[in-house]
Amino acid sequence: MTAPESTALNQQLTATADRRSEWSQAWRRFRANRIAVGGLVVILLLALMAIFAPFISPYDPIDEIFRGMRGGSPTLAHPFGYDHLGRDLLSRVIFGTRVALLVGLLATGIAVTLGVVIGAVAGYLGSWEDTLISRVIDTLMAFPIIALLVVLAAVLGPSLVTTVVVIGMTGWARFARVVRADIMSLKATDFVTAARAVGVRDWRIIWRHLLPNVMGPIIVLATLGIGGIIILESALSFLGLGIRPPNPSWGGTLSDGRAFILRYPHIAFFPGLMIVITVLAFNFLGDGLRDALDPRERD
Amino acid sequence: MLTYIARRILQGAIVIVLISVGTFVVIRLMPGDPTYLLLGEGEIRITQEQMEAIRARWGLDRPHHEQFFIWAWNLLRGDFGDSLIRKGIPVRQMIFEAIPVTAILNVTSLALALLVAIPAGIIAGVRRNSPFDYSTAVGSTLGVALPNFWLALMLIVLFALYVPRWLGDLPLVGRIPPFGLKSWQGYILPILVLTTEQMAVLTRVMRASTLEVLTQDYVRTAYAKGLPNTIVLVRHAVRNALLPVVTVIGFRIAFILSGTIVVETVFAIPGIGRLFTDSIFRLDYQVVQSLVVVLAVLVVAVNLLTDLTYAIIDPRIRIN
């Protein structure tokens with residue numbers, strides 16, 4: 001082996017080692033953060049609860065109505081008590097996990113996808129497309145999102161699909177804003193100029209060279225946003241514009257409890273507690289990911 | 001500066017136009033013919049001519065774009081039309097009756113939140129990693145994660161059921177009504193809920209910006225000059241650390257209004273938020289579309305004011 005060849009090989013080896021260690025370092029930093037790991041564990045438990053809801057929940061959440069037990073208090077057989085119609089509250093709360101996680105993840109997925117595409121287009125193209133998109137982003141960010149959701153849900157008719165689509169379609173602005181700013185600054189770097197000089201096509205530059213560089217902040221922002229989206233979903237269901245009864249959702253159960261709040265306060269208490277736990281778990285995970293992926297931003 | 005203001009007002013105007021066109025289109029997509037809404041519920045015998053007359057009276061026989069321009073022109077003149085459901089009551093009157101209630105709620109809770117968050121954030125930042133810092137961190141983390149409607153319901157339970165049971169009929173807390181605004185005590189719980197949320201966010205911002213400022217050269221210089229601790233903190237650190245809080249308040253006006261919509265509904269308070277949800281459920285689209293535009297104008301105005309305040313209190317920012 002000649003000398004220049006071995007240097008090239010060495011460089012290649014160190015490059016792959018660097019790349020691998022970047023993620024493994026992030027993972028090591030994440031593991032050291034006990035609160036963030038706790039958040040992750042809670043989320044995994046919630047996911048298991050959602051997937052295996054029919055096997056875990058002791059009773060049927062919709063059809064099993066216990067006569068004479070309307071608003072009954074917690075007992076050993078029914079640890080969360082009964083709801084306003086005499087159904088087992090624990091079972092309804094367990095099934096409610098499905099709605100919360102489904103809406104939280106799917107709506108975030110839609111919002112991230114739209115935000116990344118729109119933000120990348122605006123940041124890469126610049127000119128009038130950027131001006132137009134930036135105005136739309138400003139408008140969406142400036143407007144009370146609940147008002148928009150309420151109007152849209154009323155127009156489209158409340159359902160699970162409406163909730164997911166509406167929250168996803170209105171929530172992309174924050175992602176677009178970050179992607180746009182990052183891509184604008186990356187566009188001026190040497191490796192992009194080099195790629196362009198070699199004749200790489202625009203969409204390939206965006207896909208292969210720019211997007212991988214903005215994924216870190218987007219993952220963090222998405223994780224931190226899931227909690228807010230779960231609260232939004234339950235607020236919509238609470239106002240009667242989200243998941244329709246008799247399907248169990250945390251916001252809907254809270255709204256059932258609201259009508260009887262002074263007689264049967266436990267109906268509203270338990271689903272709210274679950275919302276708080278879930279939102280905290282996602283926020284802890286997001287904070288941990290931010291510290292792990294971008295150590296400079298630590299305070 | 002003047003050109004900047006002019007440009008910002010123009011941008012704000014574009015945002016408002018976008019929102020009003022969007023609202024108008026969305027509302028026209030709603031299922032149902034507004035003519036039947038005007039007639040009310042039940043079996044109604046009506047001739048084709050009467051139907052046409054009603055349509056002509058409300059301008060529903062004109063093409064959509066013409067309807068939009070008539071509506072927009074009336075809005076500009078301050079004429080919001082009449083409520084479709086509460087017959088004969090001008091929408092403007094409904095909105096102007098609701099605004100003071102919402103304003104009192106939000107201004108009071110924002111003021112209270114600032115009163116707590118600014119000192120708490122400063123102390124947490126200065127005494128970093130102290131027990132005080134940790135407890136404010138726990139408090140603000142919880143405050144962000146609590147859904148405001150749940151907090152509202154739990155406070156209602158606490159003050160209506162448990163406080164009287166534990167403490168007897170205390171002069172102040174014994175008279176907090178769970179719903180409505182029959183007396184001034186009705187404001188206490190909603191303000192408490194709204195304050196909690198704002199306080200949590202603002203404490204975090206204030207702490208972060210205090211930490212940031214304390215590492216700056218001018219703070220080190222001030223210490224090096226031998227200035228006493230309090231003078232350095234008050235005159236050099238805090239004054240600069242306050243700036244991001246101003247931005248965040250302006251930026252959060254939309255979130256604050258979102259919060260009001262839910263909280264007013266829970267407590268049955270006759271403000272803008274309750275008017276909004278009620279009108280949605282009553283299908284009173286005339287009120288809904290006017291309210292959306294009013295909210296948009298409000299948000300744009302507050303954002304502009306924030307940016308201008310920022311430029312005035314921070315002489316380093318020379319707007320270009």
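Just so you know, these numbers come straight off a predicted model, no measurement behind them. So that the names make sense, note that chain A is the first sequence line, chain B the second, and so on, each numbered from 1.
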*Asks:* Count the heavy atoms of every other residue, nucleotide or ligand shown that sit under 6.0 Å from CE of A:Met169, and state whether that count exceeds 12.
*Replies:*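 Open.
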*Asks:* Is A:Ile35 atom CD1 crowded by more than 12 heavy atoms from other residues, nucleotides or ligands, each under 6.0 Å away?
*Replies:*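 12 or below, so no.
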*Asks:* Is it the side chain or the backbone of A:Thr278 that comes within 4.5 Å of chain B heavy atoms, both, or neither?
*Replies:*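 Looking at A:Thr278, nothing touches chain B.
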*Asks:* Roughly how far apart are B:Thr141 OG1 and A:Asp287 CG, rounded to 0.5 Å?
*Replies:*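 Rounded to the nearest 0.5 Å, the OG1-CG separation comes to 7.5 Å.
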*Asks:* What distance do B:Phe149 atom CZ and A:Ser255 atom OG have between them, rounded to the nearest 0.5 Å?
*Replies:*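 Rounded to the nearest 0.5 Å, the CZ-OG separation comes out at 9.5 Å.
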*Asks:* Looking at B:Val292, B:Val262, B:Val300, B:Leu295, which one has more heavy-atom pairs under 4.5 Å with chain A than the rest?
*Replies:*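 Among the listed options, the one with the most contacts to chain A is B:Val292.
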*Asks:* Non-hydrogen atoms of chain A under 4.5 Å away: do they reach the side chain of B:Val144, the backbone, both or neither?
*Replies:*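 Looking at B:Val144, backbone and side chain both touch chain A.
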*Asks:* Check whether A:Phe282 gets within reach of chain B through its side chain, its backbone, both or neither, counting any heavy atom under 4.5 Å.
*Replies:*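 For A:Phe282, no heavy atom lies under 4.5 Å from chain B.
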*Asks:* For A:Phe269 and B:Trp150, take the angle between the two ring planes, folded into 0 to 90°, and tell me which bin it lands in: parallel under 30, tilted 30 to 60, perpendicular over 60.
*Replies:*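 Plane angle between 30° and 60°, so tilted.
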*Asks:* Which atoms of B:Ile261 come close to chain A, meaning under 4.5 Å heavy atom to heavy atom: side chain ones, backbone ones, both, or neither?
*Replies:*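 When you check distances to chain A, only side chain atoms of B:Ile261 fall under 4.5 Å.
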*Asks:* Of the non-hydrogen atoms in B:Ala145 and A:Ile231, which two are nearest, and what is the gap between them?
*Replies:*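 Closest approach of B:Ala145 to A:Ile231, heavy atoms only: O-CD1, 3.8 Å.
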*Asks:* Hey, what do you get for CG (B:Leu18) to CG (A:Leu132), rounding to the nearest 0.5 Å?
*Replies:*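 Taking CG in B:Leu18 and CG in A:Leu132, the distance rounds to 8.0 Å.
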*Asks:* Let me know if B:Thr265 has heavy atoms under 4.5 Å from chain A in its side chain, its backbone, both or neither.
*Replies:*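 Both parts, backbone and side chain.
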*Asks:* Evaluate whether atom CZ of A:Arg135 has more than 12 neighbouring non-hydrogen atoms of other residues, nucleotides or ligands under 6.0 angstrom away.
*Replies:*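 Check passes, neighbour count above 12.
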*Asks:* Tell me, for A:Leu273 versus chain B, whether the close heavy atoms (under 4.5 Å) come from the side chain, the backbone, both or neither.
*Replies:*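 Both backbone and side chain.
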*Asks:* Is the shortest side-chain heavy-atom distance between B:Val288 and A:Val151 below 4.5 Å?
*Replies:*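 Side-chain contact under 4.5 Å: yes.
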